[in-house]
Every structure is written in C-alpha cells, then in structure tokens.
Participant: 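Before I ask anything, let me first share the structure, which is written out below as structure tokens.
Lettering of chains follows the sequences in order, A, B, ..., and the numbering in each one begins at 1.
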Number of protein chains: 2
Amino acid sequence: MRAKKTSPADLTVLERLRTAGLRPTRQRLALAKLLFAQGHRHVTAEGLFNEAKDNRVDVSLATVYNALHDFTEKSLLREISIDSSRSYFDTNVGDHYHFYFEQTGKLQDIPAERIALANLPEAPGGATVARVDVIIRVRD
Amino acid sequence: MRAKKTSPADLTVLERLRTAGLRPTRQRLALAKLLFAQGHRHVTAEGLFNEAKDNRVDVSLATVYNALHDFTEKSLLREISIDSSRSYFDTNVGDHYHFYFEQTGKLQDIPAERIALANLPEAPGGATVARVDVIIRVRD
DNA sequence: CAAGCAGTTTAGAATCGCTCTAATTTTATT
DNA sequence: AATAAAATTAGAGCGATTCTAAACTGCTTG
Ligand SMILES: [Mn+2]
Ligand SMILES: [Mn+2]
Ligand SMILES: [Zn+2]
Ligand SMILES: [Zn+2]
C-alpha cells in the first residue's frame, strides 16, 4: 500500500487519534476522516467498508471492524444494538436517544433534552448503570 | 414422534394458540407450555431449545425458531434486540422496559409506571411509533 | 372415517455478520 | 538503520439464524 503525505486537513483527525492513544495509521486516518469529517453519523461496518471503497481507500474489512472497535473502546464512537442482525456505530458519543426507521434501517438522533426520563429505578443489587438506551421504532 | 393426549392443564395454552390463529401442534403446545406456564420470561432460541430437551420435548431447532417467530407475529411474544449476537423473546407483551445485566446476559422487567417518559418527540415525517424500547444496561 | 390439502415439522445445507489466525507490513523508538 | 511492538490483511472459522425440500399432521369435507 502506498503511503500518502499527511495533508493539513487531516491534522485534526490525526490529533484526535493520537489523543485517544491510537496510532494514526493510514487506514485509521482515512476511516476517521470518513467518520468524523462531517456531522454525526450512524454507520454499519459494511456501510463504512463500502464507503471506503467508493473513496478509493484501500482497507480490508477486518481493519474496518478493528478500527470501529478500537474507536469505540476509546470513546470516539459508541456501538448501538438495534437489530439483532448487525451493529451500528454512532459518532455522537454524547447523551442522546434514537429514532429507528424499521423500513430503511436508518437511525436519527434525539437530543437528551427532548425526552424526560424521570424516576429511573435504581440498578438492582448494587449494580452500576452503564448506559440507558432509548429507541423509538417507527414505521411509515 | 408419539402423540400424547391433551391434558386439562394444557387447555388454557391450547386455547391461547387457537385464539391466536395458530394450529395447536404437539410442538407448539409443548413450547407454549414451557413459555407461558410460569410467570413472565425472557428466553433465547437456544435456551428454549435446551429447556425443551431437558423436558424430553422432542422438537427441532428450526421449529423452535419457527414457533418463536409465529408467536411473536401473533403478539404472544415480543422480540427484543439487546445484543447484536442474539435475540431475546419476552413473554411479557405489555408496556414495560428492561434492565440488562451485561455480565450474565439476563433481562429484568421494569414496569412502565416506574419510568416517566415525558415529552416523547413526534415521529418525524408522518411516521408511526411502533414501539419505544428502554434498556438500562447495568454492570456489577 | 377416508381422502385431500394446507399448514407444520425437520435435518441438514446455506447464509451472513463478525472474529480469529498467522504471516506480513508499518510505526515508533533507539 | 536496527529493533520491538502494534497494526493490517486474506482467508479460514464461527455461531446464530434462515432456507430448502421432503415427510408428516391437523383439519375440513364427503
Ligand atoms: Mn462489537
Ligand atoms: Mn426474528
Ligand atoms: Zn446517535
Ligand atoms: Zn420483559
């Protein structure tokens, strides 16, 4: 694989990886750019893999999975289980919820302030709440 | 496979199937009995399949999947996606939410009244809300 | 109750998202 | 440049689920 000079536009993404403690390899940089260059996104591994291909980013499927998981581990992404058949990865790691369009498989953010989640019960038996997921499944 | 007389205890389950418009076959009756005889349950296909084996219910894995899906279609069960690696089926089809214990993979019901879900945003673009899932993921 | 048919079950193959393996390549450090 | 650690990769492997197509069963009808 040909290495390519780092352009100024990559700098922010590069720093983001370094800050997270991830080596800024060509593959991670390219994927991070696809993921983070625009606004928040919800991607599947396959979707990102195809997008990489479309953008002539030469990267293996295994690396896409590795990167998605590495990014998730470092809180650059968050993984969402909506449909038991595939995982989604969300570039919005802040507190928020989702609409899920069953026909298209698309996700749409709902800001945390838009839902009042009151009286959340205590986690039983001294357990710790890791996350609260709210998914509003919609159909046309 | 030997057929077995329908016992009085099966009657309620039998009616339940008939009412749902499902033929009360030996396999469906046996599985429905496992599912609905006790209180509410959260099962996986594999779990139910093993439970059937333990109870000397001779049924194939494909039939377990068929029954779970048929029951879900008729609203005798509801399917829950928690973990992208497997589906759970819930005998509680009423409005309620869940604790999910990440270590053990167990689910625990949270009655709808225990969570105040206010200000639910409208479904965008004239879509209809099919369901609202709330999953509180907990760790010890 | 026999026949007939739609609905159901089944074993095993197939599928599919994802993970693993082990060899190669790259990165970061000296 | 040499080295060690980390990352990438092709392809095999895995596990949950679905599919196929043949055998069986429940229900209706005569
Ligand atoms: Mn994962
Ligand atoms: Mn399903
Ligand atoms: Zn999101
Ligand atoms: Zn439940």
Participant: Taking the nucleotide of DNA chain D with the closest heavy atom to each, which residue, Y88(B) or D70(A), is nearer the 5' end?
Facilitator: D70(A)
Participant: Of the listed nucleotides (dA16(D), dC18(C), dT9(C)), which one gets closest to any side-chain atom of E46(B)?
Facilitator: dA16(D)
Participant: Mind calculating the distance between CG (L22(B)) and C1' (dC27(D)) to the nearest angstrom?
Facilitator: 15 Å
Participant: For L61(A), answer base if it contacts any base atom (sugar-phosphate contacts may also be present), sugar-phosphate if it contacts only those atoms, and nothing otherwise; contact means non-hydrogen atoms under 4.0 Å.
Facilitator: nothing
Participant: Going by modelled atom types, is there a donor-acceptor pair between the base of dT27(C) and the side chain of R23(A) at under 3.5 Å?
Facilitator: yes
Participant: How close or far is atom C1' of dT8(D) from atom NE2 of H69(A), stated in whole angstroms?
Facilitator: 16 Å
Participant: Counting only side-chain nitrogens and oxygens, does Y65(A) get under 4.0 Å of the OP1 or OP2 atom of dT19(C)?
Facilitator: no
Participant: Measure from the side-chain heavy atoms of T25(B) and tell me the nearest of dT9(C), dG17(C), dA28(C).
Facilitator: dT9(C)
Participant: Should the ring pair F71(B) and F36(B) be called parallel, tilted or perpendicular, given that the plane angle runs from 0 to 90° and is split at 30 and 60?
Facilitator: tilted
Participant: So, do H40(A) and H96(A) have ring centers that fall under 6.0 Å from each other?
Facilitator: no
Participant: Can you pull out how bent the helix from dC1(C)-dG30(D) to dT30(C)-dA1(D) is, comparing the axes over its first five and last five pairs, to 10°?
Facilitator: 30°
Participant: S85(B) near the nucleic acid: base, sugar-phosphate alone, or nothing, with a heavy-atom cut-off under 4.0 Å?
Facilitator: sugar-phosphate
Participant: Quick one: pull up OH in Y97(B) and CG in L107(B) and give me the separation to the nearest 0.5 Å.
Facilitator: 15.5 Å
Participant: Pick one: which of D54(B), L29(B), L48(B) meets side chain to side chain contact (heavy atoms under 4.5 Å, CB included) with L34(B)?
Facilitator: L48(B)
